Amino acid sequence: RGGGGGGRVTSDSDARTVEREVARLGRLGRTDDALTLYESVWAADDADADAGSSGGGRSRYAAKPTTRLMNSAIDACARARPPRPDDAFRLWREGMDGGATGRRRLSPNVFTFGVLMSVRARSRDADGALELLRTMQDDFKVDPNAVVYSTVISACERSVPPKPDDALRLLREATEDPSIEMGVVGYNAALSALARAGEWRKAVRLLDEMEGGCDSPHCSLLHVDEEGDNGAPRGAKSSSPFPPLLDPDVVKPRPDEVTYGTVMAACERSEEWGMVLRYAEALNDRAADDPAFALDGVTITSALHACQRLGRCDEALEYLEMMKELDKTGDAESSYDADAGGQRTTRGRDRKGARAPLRGPDAVAYRLAISACARSRGGERWADGLRLLQEMRERDGAPPDVVAYTAAIGGCAEAGQCELAFQLLEKMGEDGVQPNRVTYNAAIRACATASARAAAEYGDSNAAGADPAVREPMERALALLTQMKSGEKGKDAEPDIVTYNAAIRACAEAMSIKGALDLMDDLRSRGLVPTVVTYGSLMTACERVGSVTCASKVFSMLREQQRTDDTLEANEIVYGAAISCCRKAGQRERTLLLLRKIISEGLSPNAATFNTVLTAQVEGKTPDLDRAASVYKLMGSRHAPGAKPNRQTYTLLVRGFASNFRPNDAEIFLRRMRGDGYAPDVDLYTATVTSYERTKQPMKALRLMESMREDGYNFYDIQVLDQAFKKAIKLVNVVGQGLSTSSGDEEGGVDDGDFDVDVLSGNTI
């Protein structure tokens, strides 16, 4: 009945009116009403047929079953929540069979297969969609159009798990048919399949091809992150190093804002956070010329997620401000769902049941921004996190939730703001927000960092352990752990291995070896299994007081656990702490043994570890400078490609050689330091010049002082060097020498052939 609320067909209902009503009911989600109305048309048609056969005269009903009407009924099944594939295919079969009487057989057309494909897609049935596509082509000789291909590609995207290879194959098949003009929707569906499968590289490549290949502004972004088979340098503009995903000669649609959002979702799902921010920036730049590309709530949330993971506070604050602008401009279009791999819903008219578009920062946005501040280097932006926490309270008119509070306390943990962390815990109680285990773990970490920062003022001295500023944060951490164990903080806050790791670190930073080892026994008694982080924290406790005996005990415990746990391996952190422990204990040879152990196990010691070993070689009354030079030669070699010499490396070597009357070698390291892009500090020049003076080499001292001008130093302005210059001139005049600008021969220089001491040979630890 035209304009009614469903029901049965009447004698005055024409076919188009009924068809529109079935479609309307389907869009409203009133599937049963739509099917009742559709089936009443068949019933009326059968009644007319019976009347005609008995001589009842002309038909009493104007509406007759048609393919268009059947398509509308099937579409109602597709739109149902959940979809109703059994009903949809029953209607299709009954239509082809001619209903109950078999008198009026309907012929499916391309639109019939389009709505059937939609049923398969919305049911996440990719295999059924692929089979239907072949049935359509082979059995019914109906050629699929762009809509059908886009829908079956969408089925591959929605499949669990997604089928990105099938999606790309179908897109390639469609684009190679000259009669089909695939629009951006089909490409976006394929991109969404890649996004859901975590195939971010292919998603970026497909976007590049849509933009015209490597002439696009994003092609270089892919090259930044991976090298091609042709060996093109990263960031270079060149022909694509990969075979094209689609025929290069096919004209492709211009990417829209959904395309970029979907590629961002692919990068987000694959945790390629730098790429997420690059595309967000590219979208923002393009929006200056075309407002349609303006970041919406979901894409801004993706950017905030990337900022959170990378600890980029300033950028997070910028994106949060951008999201606030949505309050003013509105975001009238629903957007893609990042969790669903970037599938756009609708534009203009919201789909029933779709998530409402963001019109300003929500709780998730604030949590991410607060966490980005918390993760900033050294927790230096913790105050911004607290400001956002208060802003969140004022904006929502309600207390922040436990996740937001935990993120803010995490910022306190990074910054060592122990007192403030506990104040926030109290505030949570006042607000009726129950902290969870993660919240308490963050507070314990705040205690550990507070102890570490207080102890740092003492250098290598063990006297720090007696300072209340060092010990009291540890005591607060242990008291909180006791409350968690007793159940006082709730069942959901019972300590886990992460809790114990944080508490052990608190003991380590407070120089309490006994406390750390007692916690190790405690966690085992509770059935918890130590991890490599546990052993790293224990080794840190040994390192802080320079106890080699304790370090050996930790290694023994680790080896004992390895007998039953073949997944447990000491990492660079464990070995690095052990090396530092041996250095503090004055056991130079053991630092070399441990370095050899790290390399032999295929681990990657960093520059800090090498610098600790170097420190052990150059310090003390009888430094082993030749061994130090050999350690230096390992840095950046095939044994340790990731450990490049840094400023501290060269500072240690220059000072070590200069103070031990080997100025020639000190100068060589000065030159290498400059060659690696580090301008030597004036005190390194001073130490080397002084060493030349003490070893009676005035000409070399003068030459080095002259070379200082290249680094912007004027030795006349530096009292020590000015005096050294005058002494050198006096000595030169005494021996009758003139000033020479030639460099002269170096004596005993550290070149690639010297110092053949092999630090990788010998017994392992």
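From a predicted model like this one, the values you see are computed outputs, not experimental measurements.
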Looking at [Y] and [X], is there a salt bridge between them, counting it only when a charged N and a carboxylate O are closer than 4.0 Å?
X	Y	value
Glu472	Arg476	no
Arg583	Glu619	yes
Lys514	Asp518	yes
Arg662	Asp626	yes
Arg375	Glu414	no

Mutual orientation of the aromatic rings belonging to Phe669 and Tyr632 [parallel < 30°, tilted 30-60°, perpendicular > 60°]: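 Ring orientation of Phe669 relative to Tyr632: perpendicular.
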Let me confirm one number: the [atom1]-[atom2] distance from [X] to [Y], rounded to the nearest 0.5 Å.
X	Y	atom1	atom2	answer
Gln562	Phe555	CD	CZ	10.0 Å
Leu304	Tyr319	CG	OH	8.5 Å
Asn606	Ile598	CG	CD1	8.5 Å
Arg590	Ile579	CZ	CD1	12.5 Å
Met511	Ser547	CE	OG	12.5 Å
Met557	Leu517	CE	CG	5.5 Å

Is there side-chain contact between [X] and [Y], with at least one heavy-atom pair below 4.5 Å?
X	Y	value
Asp665	Leu625	no
Glu457	Asp467	no
Leu634	Phe610	yes
Glu693	Val689	no
Trp273	Glu271	yes
Glu572	Thr609	no
Val276	Arg309	no
Glu315	Glu281	no

Could you tell me whether a side-chain N or O of [X] sits under 3.5 Å from a main-chain N or O of [Y], the two making a donor and an acceptor?
X	Y	answer
Ser371	Leu368	no
Lys584	Glu543	yes
Ser580	Ala577	no
Ser451	Val470	yes
Asp676	Tyr678	no
Thr449	Ala413	yes
Thr540	Ala508	no
Gln587	Cys582	no
Asp681	Asp683	no
Gln561	Pro530	yes

Closest heavy-atom pair and its distance - [X], [Y]:
X	Y	answer
Phe661	Ser691	CA-OG, 3.6 Å
Cys373	Gly385	CB-N, 3.8 Å
Ala585	Gly546	CB-O, 3.6 Å
Pro605	Ala643	O-CB, 3.3 Å
Leu519	Cys507	CD1-SG, 3.8 Å
Arg588	Thr591	O-OG1, 2.5 Å

SG-SG under 2.5 Å, Cys542 vs Cys550: yes
Other residues, nucleotides, ligands: >12 heavy atoms within 6.0 Å of Ile497 CD1: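 Atom CD1 in Ile497 is crowded, with more than 12 foreign heavy atoms closer than 6.0 Å.
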Within 6.0 angstrom of Glu601 CD, more than 12 heavy atoms from elsewhere: yes
Evaluation steps, side chain to side chain contact (heavy atoms under 4.5 Å, CB included), between Val618 and Arg655: CA-CA 9 Å; Val618 301; Arg655 285 178 175 168; over 6 Å; no
Derivation and outcome, side chain to side chain contact (heavy atoms under 4.5 Å, CB included), residues Met673 and Leu684: CA-CA 11 Å; Met673 183 177 187; Leu684 297 182; 3.8 Å; yes
Aromatic ring proximity, centroids under 6.0 angstrom, Tyr575 and Tyr535: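 No, the ring centres sit 6.0 Å or more apart.
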Criterion side chain to side chain contact (heavy atoms under 4.5 Å, CB included) on Leu420 and Trp382, from CA distance to verdict: CA-CA 10 Å; Leu420 193 53; Trp382 60 270; 3.1 Å; yes
Distance-only side-chain donor-acceptor flag, Glu272 / Ser270, under 3.5 Å: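 Judged by distance alone, the side chains do not pair up.
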Side chain to side chain contact (heavy atoms under 4.5 Å, CB included) evaluation trace for Arg381 with Asp314: CA-CA 9 Å; Arg381 304 298 294 274; Asp314 288 329; 2.7 Å; yes
